[in-house]
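Reading through the structure tokens given below for one structure.
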Amino acid sequence: MNTQAQEVAVNQQRRGTLPGRLCSYFVYVPLVYFYTLVLGILSLLSSLFDGSGRVQHWFARLWARLILKTGFVPVRLEGLENIDPTHPAVYAANHLSALDIPVLYASIPGQFRIMAKKELFRYPLMGWHLKRSGQIPIVFGDAHASVSSLKRAGRSLRKGLPLMVFPEGGRSPDGQLQPFMRGAFFAAIAEQVPVIPIAIVGTYELLPMNSFYAIPGPVDLVIGRPIPTTGMRLRDMDKLAGHVRAAIAEMYYARAKVAPKP
């Protein structure tokens, strides 16, 4: 058995232990809810006097860092020099786990806005925070609503705020990269801003989809070189999606504990 396979086997064994489950259910999860409740309320209150979203983003970063520290999830960051938070860009990341959002908020400098599924905006407190902090809802399967959201994303970029997108449209069920949706790159081409590929590695092993408890362990966040969109037109969205997916796949599979599908 190779080293990666051994690590996967150890993680699965730890995931099945009763002490690990009890610690997650009765310590980690309640603390996550506590952080979300307290900081969510403070974030909403801050939105009453801060229209820029700066204070709300600070609360989101604090929330993310507390979650990672409580879960003993250190983030190893690589390629940070490829991000300039003072210039608009589209950050495109793979999506493996509910831990991805805390990893990104805790690690990416400067403010940014996230395109998230509209369903998340319906939850009490979380949805209120998303709306008040300027995050952008996306509706899958509704072309008219999606165009409206993409135009809103363009306005965010014109204000100088980077945009975070998950081109797979949801979390991976098996740790593999899923097909990328072309529409995720509409705003990048429309506004002629670069796309920065980001590979998240390790969150699937710690908290996979449909799991209700997490285990501790390191996560790698790898930031690739910007991919320019200068001169591209909207008909090039498929080409751009393929280019970005290839860049993320190269970074991800070089470090992931899952082998790429043939």
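For Tyr25, the OH atom is densely surrounded, since the number of other residues' heavy atoms within 6.0 Å is greater than 12. Counting non-hydrogen atoms of neighbouring residues, nucleotides and ligands closer than 6.0 angstrom, the CZ atom of Arg54 reaches no more than 12 such neighbours. The neighbour count for Arg225 CZ, taken as heavy atoms of other residues, nucleotides or ligands under 6.0 Å away, does not exceed 12.
Judged by distance alone, with hydrogens and angles left aside, the side-chain atoms of Ser24 form a donor-acceptor pair with the main-chain N or O of Ala214 at under 3.5 Å. A side-chain donor-acceptor contact under 3.5 Å links Ser107 to the backbone of Val103. Remark: side-chain polar atoms of Glu168 are not paired, donor with acceptor, to backbone N or O of Asn94 under 3.5 angstrom. A donor-acceptor contact shorter than 3.5 Å links the side chain of Arg113 to the backbone of Ser133.
At a threshold of 4.5 Å between non-hydrogen side-chain atoms, the residues Ile198 and Leu104 count as touching. Contact check for Thr70 versus Val32: no side-chain heavy atoms found under the 4.5 Å cut-off. For the pair Leu66 and Leu39, the minimum side-chain heavy-atom distance is below 4.5 Å. Val165 places none of its side-chain heavy atoms less than 4.5 Å from the side chain of Ile138. Here the side chains of Leu96 and Tyr252 are in contact, with some heavy-atom distance below 4.5 Å. Gln176 places a side-chain heavy atom less than 4.5 Å from the side chain of Tyr253. Counting heavy atoms from C-beta outward, Ile101 and Trp63 have side chains that approach closer than 4.5 Å. Between Arg152 and Pro137 there is a side-chain heavy-atom pair separated by less than 4.5 Å.
Phe34 and Tyr105 fall within the same hydrophobic cluster, defined by Ile, Leu, Val, Met, Phe, Trp and Tyr side-chain heavy atoms under 4.5 Å apart, directly or through other members. Side-chain heavy atoms closer than 4.5 Å link hydrophobic residues (I, L, V, M, F, W, Y) into clusters, and following such links, possibly through other members, connects Leu42 to Leu31. Hydrophobic clustering keeps Val55 apart from Leu161 (ILVMFWY residues linked when any side-chain heavy atoms are closer than 4.5 Å, directly or through intermediates). Criterion: ILVMFWY side-chain heavy atoms under 4.5 Å apart, direct or through other members. Under it, Val38 and Tyr28 are part of a common hydrophobic cluster. Cluster membership check: Phe26 shares its hydrophobic cluster with Tyr213, using side-chain heavy-atom separations under 4.5 Å among Ile, Leu, Val, Met, Phe, Trp and Tyr.
Atom-to-atom distance recorded for Gln135:CD and Ser156:OG is 8.5 Å, nearest 0.5 angstrom. Between atom CZ of residue Arg61 and atom CD1 of residue Ile108 there is a gap of 9.0 Å, rounded to the nearest 0.5 Å. Note that CG of Leu157 and CD of Gln192 are 11.5 Å apart. Values are rounded to the nearest 0.5 Å. Distance check, rounded to the nearest 0.5 Å: CE of Met209 to OG of Ser172 gives 8.5 Å. A distance of 12.5 Å separates CE of Met237 from OG1 of Thr229, quoted to the nearest 0.5 Å. Taken to the nearest 0.5 Å, the CZ atom of Arg233 stands 15.5 Å off from the CG atom of Leu240.
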For this session: Check step by step if side-chain contact (heavy atoms from CB on, under 4.5 Å) holds for Asp238 and Phe185.
Result: CA-CA 9 Å; Asp238 284 328; Phe185 303 100; over 6 Å; no
Exercise. What do the steps show when you test Leu163 against Val193 for side-chain contact (heavy atoms from CB on, under 4.5 Å), and what is the final call?
Worked result: CA-CA 10 Å; Leu163 180 69; Val193 300; over 6 Å; no
Exercise. Is there a side-chain contact (heavy atoms from CB on, under 4.5 Å) between Arg171 and Tyr204 once you walk through the steps?
Worked result: CA-CA 9 Å; Arg171 287 172 289 172; Tyr204 174 78; over 6 Å; no
For this session: Please assess Arg255 against Arg76 for the test side-chain contact (heavy atoms from CB on, under 4.5 Å), listing each intermediate value before the final yes or no.
Result: CA-CA 12 Å; Arg255 299 164 178 83; Arg76 301 178 297 210; over 6 Å; no
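Each of Leu206, Val201, Ile200, Leu207 was evaluated against Thr203; a single residue qualifies, Ile200, per the side-chain contact (heavy atoms from CB on, under 4.5 Å) test.
A donor-acceptor contact under 3.5 angstrom links the side chains of Gln56 and Ser43, judged on distance only.
The aromatic rings of His95 and Phe166 lie parallel to each other, their planes meeting at an angle below 30°, with 60° marking the opposite boundary.
Nearest heavy atom pair, residue Val195 against residue Ala92, reads CG1-CB, 3.9 Å. Nearest approach of Ala190 to Leu234, heavy atoms of both residues: N-CD2, 4.3 Å. For the residue pair Pro88 and Pro194, the shortest heavy atom distance occurs at O-CD, 3.9 Å. Here the closest non-hydrogen pair linking Pro85 and Gly110 is CB-CA, 3.9 Å.
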Got a list of side-chain donor-acceptor pairs under 3.5 Å for residues 241-251, not counting sequence neighbours?
{"unit_1": "Arg245", "atom_1": "NE", "unit_2": "Gln178", "atom_2": "O", "d": "3.2"}
{"unit_1": "Arg245", "atom_1": "NH2", "unit_2": "Leu177", "atom_2": "O", "d": "3.0"}

